[in-house]
Amino acid sequence: MTVNVLFAGRDAQWPIYEPTLRTAFANAGVVADLRMEFAPGEVDYIVYAPSGKLSDLTPYTRCKAVLGLWAGVEQIITNPTLTQPYTRMVDQGLTEGMVEWVAGHVLRYHLDMDMDICRTDREWQVHIPPLARNRTVGVLGLGELGSVCAQALAGLNFNVQGWSRSAKSIAGVACHFGEVGLRDVLAQAEILVLLLPKTAATENVLNADTVALLPKGSRILNPGRGPLIDDEALLTALGTGQVGHATLDVFREEPLPRNHPYWAHPNVTVTPHIASETRPDTASEVIAENIRRSEAGEPLLHLVDKARGY
Ligand code: NDP
C-alpha cells in the first residue's frame, strides 16, 4: 500500500532530502508518495523540520506520526496542535558530529590551544598541561549524544563525571543523578559540557548558584540549548574569572543578536549552532525505518515523551 508522506521542511532542504528519502524508502521496502504538498486530510506521515510553514497540525487527521529531522524537540512538542505521536532524530551522523565537536573543544581547552604565550612575550615559557587522566570533564546530559560524548572523552583518558535525570551505568564514566549528583559533578568539572534538552526543569541549570560550585577558572561548552545558561550569571562569572572561558553554540535568540555581549567578549567563543547537524543520508534511513515500523504495527523509534518534555 502506498503511504502519503509530506515533507514539511524548508524549501532549500527539499532537493537535498528528496533523493535520500526516496532511496531510504526503497531500501526499507516503503512504498511512498513523497511530496511537499498534499491536502492535509490525505497525509499519512509528516517529515518535519522547523520551517515556519507548518504551525497548525489540526487538519492532519489521518497522520499516524510526525517524524522530526531535529534532535531538539522543545519547539514542536509545545505546539498544542501536535496530537500525533512525534519522533525525534537520533542519527549516527548527528552523533558522530557531536562527538567530534565536543572532543575537539575539550582537547582545545585541555591543551590550552588558544594560548599564544611565546609569541606575546617572546619568552620560552614552558607550559605543560596535565595528562587527560588528571583532568576532570563534567557532562550534563547522558542521553543519545551525551553518553557517547562521555564515552569518547573517557576513551581519551579524561576523568569523566556525568549527570542525568535517572541513574545510569556507563563504562568509564562516573554517573550521577539528582540535585546532589549535580553538585558533585559541578564541584569537580574543570571543563563542563552541557548536553541537556531544554525543558522547564533544565532551564537555567547553570545559574549564579551552580556556577559558583565549579572550580575557579572552569571552561564551559554549550552545544545543548541556550536557555540552559543564565546569561547574566555567566557574564558575571566570566568577569570575575570564576569561569575562564566559554564556547557557546546555542543561544536563547538565534541568530545571536549583533549587539549581544558574547560576540565581543574576549573569553567567549561563539559558534553558530553548528556543533552537529542532521545528515540527510543516515537521517532518511531513520525516517524510512520508522514508517516501515508504523505500517508493520511495531513500536516507533525515538518517540518523544511529550509530558516529560524530551
Ligand atoms: P536525549 O533526550 O537522548 O538525552 C537527554 C539527557 O538529558 C538524558 O540523559 C536525560 O536524563 C537528561 N536530562 C533531561 N532532563 C534532565 C533533568 N531535569 N535533570 C538531569 N538530566 C536531565 O537528548 P540527546 O542526547 O539526543 O540531545 C541532547 C540535546 O542536544 C538536544 O535536546 C538538543 O537540545 C541538543 N542538540 C544540539 C545540537 C547542536 O548542533 N548544537 C545538535 C543536536 C542536539 P535521562 O537519561 O535520565 O532521561
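Numbering of ligands and ligand atoms starts at 1, following listing order.
His110 and Arg135 are linked by a side-chain donor-acceptor pair at a separation below 3.5 angstrom, with hydrogens and angles left out of the test. A donor-acceptor contact closer than 3.5 angstrom is absent between the side chains of Ser284 and Tyr17.
Residue Glu277 places every heavy atom at 4.0 Å or more from ligand 1. Residue contacts with ligand 1 leave out Lys198, since none of its heavy atoms falls under 4.0 Å from the ligand. Residue contacts with ligand 1 include Lys168, since one of its heavy atoms falls under 4.0 Å from the ligand.
For the pair Thr199 and ligand 1, the shortest N or O to N or O distance does not fall below 3.5 Å. An N or O contact shorter than 3.5 Å is missing between Trp163 and ligand 1 by distance. Checked by distance only, ligand 1 and Met98 stay at 3.5 Å or farther apart across all their nitrogen or oxygen atoms. At a 3.5 angstrom cut-off on N or O pairs, Thr202 does not count as close to ligand 1. Considering both main-chain and side-chain atoms, Leu94 never comes within under 3.5 Å of ligand 1 through any nitrogen or oxygen pair.
Proximity to Ala71 (heavy-atom distance under 4.0 Å) selects the following atoms of ligand 1: 43 (C), 44 (C). Against a heavy-atom cut-off of under 4.0 Å, Val250 is close to the following atoms of ligand 1: 41 (N). Heavy-atom contacts of Gly141 reach the following atoms of ligand 1: 6 (C), 7 (O), 9 (O) (cutoff under 4.0 Å). In summary, the atoms of ligand 1 found under 4.0 Å from a heavy atom of Ala201, numbered by their order in the structure, are 18 (N). Taking every non-hydrogen atom of Pro197 and a distance limit under 4.0 Å, the qualifying atoms of ligand 1 come out as 5 (C), 7 (O), 14 (C), 32 (O). Near Leu195, with a cut-off below 4.0 Å to any heavy atom, the atoms of ligand 1 are 28 (C), 30 (O). For ligand 1 and His273, the ligand atoms under 4.0 Å from any heavy atom of the residue are 39 (C), 40 (O), 41 (N). When each atom of ligand 1 is checked for a heavy atom of Gly146 under 4.0 Å away, the hits are 25 (O).
In this structure, Arg308 is positioned above the aromatic face of Tyr310, its NZ or CZ under 6.0 Å from the six-membered ring centre and within 45° of the axis.
Protein heavy atom at the shortest distance from atom 8 (C) of ligand 1 is Gly143 N, 3.6 Å. Ranking protein heavy atoms by distance to atom 35 (C) of ligand 1, first place goes to Gly224 O, 3.5 Å. Annotation: atom 37 (C) of ligand 1 to nearest protein heavy atom, Pro223 O, 3.0 Å. Nearest protein heavy-atom contact of atom 40 (O) of ligand 1 is Ser276 O, 2.8 Å. Residue, atom and distance of the protein heavy atom nearest to atom 21 (N) of ligand 1 are Arg165 N, 2.9 Å. The protein atom (non-hydrogen) at minimum distance from atom 27 (O) of ligand 1 is Leu145 CD1, 3.5 Å.
Comparing Trp101, Trp70, Phe177, Tyr310 against atom 45 (P) of ligand 1, the shortest heavy-atom distance belongs to Tyr310.
Ion pairing between Arg279 and Glu96 fails under the 4.0 Å rule for side-chain N and carboxylate O.
Among all heavy-atom pairs drawn from Val211 and Ala237, the shortest one is CG1-CB, 3.7 Å. In terms of heavy-atom proximity, Val185 sits nearest to Gln161 at CG1-O, 3.6 Å. Annotation for Thr95 and Glu144: closest pair CG2-O, 4.1 Å, computed over non-hydrogen atoms.
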Exercise for the section: List the steps, then state whether side chain to side chain contact (heavy atoms under 4.5 Å, CB included) holds for Arg219 with Leu221. Expected result: CA-CA 7 Å; Arg219 329 281 182 89; Leu221 298 176; over 6 Å; no
Handout entry: Candidate pair Glu42 and Arg35, rule salt bridge (Lys or Arg N to Asp or Glu O under 4.0 Å), full reasoning
Key = CA-CA 12 Å; Glu42 293 176 1; Arg35 296 194 229 156; 5.1 Å; no
Problem - salt bridge (Lys or Arg N to Asp or Glu O under 4.0 Å) assessment of Asp44 paired with Arg62 - result: CA-CA 6 Å; Asp44 295 305; Arg62 193 170 108 183; 2.9 Å; yes
Problem - Pair Lys64-Glu295, salt bridge (Lys or Arg N to Asp or Glu O under 4.0 Å): steps then yes or no - result: CA-CA 9 Å; Lys64 296 175 214 172; Glu295 291 302 301; 2.7 Å; yes
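Around CZ of Arg183, the count of heavy atoms belonging to other residues, nucleotides or ligands within 6.0 Å does not exceed 12.
By the criterion of a heavy-atom distance under 4.0 Å, the side chain of Arg88, and not its backbone, is placed next to ligand 1. Contact annotation: for Leu196 versus ligand 1, heavy atoms closer than 4.0 Å belong to both the backbone and the side chain.
Taking the six-membered ring where the residue is Trp, His273 and Trp70 present tilted rings, their angle falling between 30° and 60°.
Contact of the Val5 side chain with the Asp33 side chain is not registered, since no non-hydrogen atoms from C-beta on lie closer than 4.5 Å.
Remark: the backbone N or O of Leu300 is not paired with any side-chain donor or acceptor of Asn290 at under 3.5 angstrom.
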